[in-house]
Protein chains: 2
Amino acid sequence: MTMKDAPTLEDVARVARVSTATISRSINMPNKVAKATHERIQKAIEALGYTPHFGGRALASNRTNTIGAVIPSMSNAMFANGIQAFQEELSDAGVTMLVASTGYSTEAEYTQIRSLMAHGADGLLLIGTDRPKKTTDFLALRGVPYVISWCYKDDPAQLFVGFDNQKAAFEIATCVLGYGHRNIAMIAGISKDNDRAKNRIAGVKNAIKVYGHGARLLRIVESPYMLAESANAFDEIMEGPEVPSVIICGNDVLAAGAITRARERGISVPQQISITGFDDIGLASVVDPALTTVRVPQIEMGKAAARILLSKLSNDNTVSSLEFKTEVVLRSSLARVPL
Amino acid sequence: MTMKDAPTLEDVARVARVSTATISRSINMPNKVAKATHERIQKAIEALGYTPHFGGRALASNRTNTIGAVIPSMSNAMFANGIQAFQEELSDAGVTMLVASTGYSTEAEYTQIRSLMAHGADGLLLIGTDRPKKTTDFLALRGVPYVISWCYKDDPAQLFVGFDNQKAAFEIATCVLGYGHRNIAMIAGISKDNDRAKNRIAGVKNAIKVYGHGARLLRIVESPYMLAESANAFDEIMEGPEVPSVIICGNDVLAAGAITRARERGISVPQQISITGFDDIGLASVVDPALTTVRVPQIEMGKAAARILLSKLSNDNTVSSLEFKTEVVLRSSLARVPL
DNA sequence: ATAAATTATGCAAGCGTTTACATTTATACC
DNA sequence: GGTATAAATGTAAACGCTTGCATAATTTAT
């Protein structure tokens with residue numbers, strides 16, 4: 001690497017004819033330094049092209065102004081949007097974001113959390129609650145401040161910035177039932193190690209149970225969050241012994257995959273079968289028919305997570321969890337059950 | 001902040017009954033340490049939940065094992081996919097990724113580059129070539145290693161890992177012409193400060209010029225990469241004095257926005273008007289009709305960018321630019337011109 | 001068994017900041 | 001003009017790690 005060696009505080013000190021301490025103060029608490037001195041120092045800094053050395057600073061102050069985000073995958077637009085907002089908000093506060101992804105594996109998450117910690121993250125953004133004891137123990141052991149997003153729980157012991165997946169799923173399922181559907185199938189995300197997927201399933205099950213009237217959940221197929229996989233799940237459902245009148249999907253990608261396959265097979269949505277999504281990413285309004293889905297305030301959630309984490313980092317003890325509301329967005333992929 | 005103070009090398013040393021030097025070696029060059037000692041150390045590290053202190057490490061070694069990525073926005077699936085792959089590859093090498101976004105502003109890019117540098121990035125991933133002298137001067141001054149992605153130029157002075165946007169645009173435009181279209185419009189990305197957008201426009205213009213036969217580019221509307229904006233651009237084109245038989249779009253999001261609006265207006269694609277995209281993100285195969293577009297190898301590009309940047313960082317002087325091929329993917333949104 | 005070579009470990013000096021604490025300089029007040 | 005007080009600056013000790021060099025332990029060769 002050809003990185004030129006940067007000038008140090010000492011170099012600046014020599015030029016400005018003051019001690020390194022004064023320069024440090026001039027940079028970090030300018031009002032503690034005489035105006036004339038401050039200007040002299042600025043000039044020297046400018047002349048030398050000095051920038052504080054990150055390591056030295058981190059070592060001495062034990063702060064990196066860096067926050068880590070550990071998310072399943074950026075390829076999921078949901079997370080990409082949220083993380084984008086999260087980063088923008090951090091950036092406004094002069095904080096930089098480290099990103100690591102887990103590919104939905106809790107083992108990878110553990111590794112990534114450690115890695116981000118090792119890289120000096122002052123705090124962390126985590127997604128969801130399903131993680132092994134090993135991980136939570138480590139977090140507790142190290143006392144890292146963190147916020148958990150994309151879900152919400154009424155647990156004052158942890159900081160949540162998210163929404164209630166189960167409630168949201170309950171709502172859209174109720175809505176589906178309201179359209180007269182009785183034979184229901186679900187394409188869910190992989191529920192292992194994924195509380196959001198689990199809760200979405202639970203919400204649907206619960207709505208069906210509460211509703212009664214002979215509504216039945218014929219089948220749940222779990223699928224990775226990918227178009228192609230979901231298309232296969234759709235096939236599996238359609239080839240089953242009983243064909244549902246609606247498929248509730250665990251997210252928009254799954255729903256889009258299902259709709260696409262339906263189109264390929266000449267099955268018309270929603271005339272022959274209704275399909276619903278979850279998340280309301282861009283995809284949802286672009287597929288034909290446009291998806292009836294659950295709007296999740298991705299941007300707001302990302303921004304709020306950043307703000308709350310930042311407050312926590314600045315020792316604001318008043319910070320508390322934040323629950324976002326979701327709402328069902330009616331578009332055309334859900335219709336009354338065909339007679 | 002309630003960060004407990006983390007265990008240090010010294011703590012581990014005490015527990016493992018070796019010197020700090022040995023531990024450092026055990027971590028960084030395990031083969032230089034006796035197997036038994038290594039295991040004893042591992043055990044101690046585990047027990048204490050030790051992670052190396054970033055600052056100390058950076059200070060002593062003048063390396064942060066951190067790479068910065070400065071991209072326009074993660075909300076664009078193209079970048080999200082690429083960055084995801086980039087990060088995975090870095091992660092495999094034990095390097096962590098810092099991310100900052102510019103919102104397509106070169107001024108913001110300059111700020112973010114400085115910020116990432118200040119945060120100790122060993123190297124940078126940048127997108128595209130359009131940036132002011134101020135920025136390139138700064139990069140040169142500091143001698144940061146960086147690679148430029150999402151575009152390709154035959155310039156040995158810089159390291160490119162990308163594809164030729166102009167050539168790719170030329171190809172899809174040629175393809176469009178091959179389908180008999182003569183009255184062409186384009187919804188392009190905002191070309192200011194964006195060489196990719198510029199080159200895609202240039203490619204299309206060039207194909208039309210070369211082709212001759214009276215083909216005309218009736219109109220170019222530039223639009224931000226958002227569904228709603230693109231839909232408006234579509235309206236603008238359709239309300240113009242001359243209606244084209246095809247709209248070539250600067251990327252898939254723009255194309256999807258146009259298709260959606262066409263559907264809303266009852267204009268059938270491709271019977272009444274053809275529409276093409278660019279990038280081949282998930283969206284492209286989900287819209288109806290599925291988009292004829294240009295496949296850009298996002299994942300491979302991201303991975304390659306990471307590998308090449310890593311080699312560069314490890315002083316491998318043999319690294320050189322890498323050009324990826326793109327290909328037109330024929331789906332149903334492009335048809336022969338209606339008679 | 002002994003010397004030589006090899007491998008494993010320890011010692012201690014940095015790396016560039018920040019920050020108590022000490023000291024100097026300026027300001028206010030009588 | 002001389003104190004008391006406040007403001008500005010300096011001194012030097014961390015902070016946690018890496019690494020060149022020295023030393024100790026082990027293996028190999030004789």
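Values below: all heavy atoms of this structure, side chains included; hydrogens, waters and symmetry mates excluded. Naming: A, B, ... by sequence-line order, numbering from 1 per chain.
Following rounding to the nearest Å, B/Leu59 (CG) and C/dT18 (P) show an atom-to-atom distance of 12 Å. The CD-P distance, from A/Glu10 to D/dA12, rounds to 13 Å in whole Å. In this structure, B/Leu9 places its CG atom 14 Å from P of D/dC15, rounding to the nearest Å. Counting to the nearest Å, the C1' atom of C/dT17 and the CG atom of B/Asn62 are 14 Å from each other. Whole-Å rounding puts the B/Phe54 CZ to D/dT18 P distance at 12 Å. Between B/Ile27 atom CD1 and D/dT18 atom P the separation is 7 Å, expressed in whole Å. Between B/Arg63 atom CZ and D/dT19 atom C1' there is a gap of 16 Å when expressed in whole angstrom units. For the pair A/His53 NE2 and D/dG16 C1', the interatomic distance rounds to 14 Å; values are reported in whole Å.
For the pair A/Asn28 and C/dT18, the criterion of a side-chain N or O lying under 4.0 Å from OP1 or OP2 is met.
Residue contacts for A/Ser24: at a heavy-atom cut-off of 4.0 Å it reaches a base atom on one of the strands shown.
The aromatic rings of B/His119 and A/Phe54 are tilted relative to each other, their planes meeting at an angle between 30° and 60°.
Evaluation of the salt bridge (charged side-chain N to carboxylate O under 4.0 Å, His left out) rule for A/Glu39 yields no partner, not counting sequence neighbours.
When all heavy atoms of A/Ala121 and A/Ile67 are compared, the closest pair comes out as CB-C, 4.4 Å.
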I'd like a table of donor-acceptor pairs (distance under 3.5 Å, sequence neighbours excluded) in which one partner is a side-chain atom from residues 150-160 of chain A, with atom names and distances.
| residue | atom | partner | partner atom | Å |
| --- | --- | --- | --- | --- |
| A/Asp155 | OD1 | A/Ala157 | N | 2.8 |
| A/Gln158 | NE2 | A/Tyr146 | OH | 2.8 |

> What one-letter contact string describes nucleotides 6-11 of chain D from 5' to 3', where B marks a base within less than 4.0 Å of any protein heavy atom, S marks contact via sugar-phosphate atoms alone, and - marks no contact?
Replying inline: --SBBB
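Other residues, nucleotides and ligands contribute only 12 or fewer heavy atoms inside 6.0 Å of the CD atom of A/Glu10.
Checked by atom type, the side-chain pair A/Glu46/A/Gln42 shows no donor-acceptor distance below 3.5 Å.
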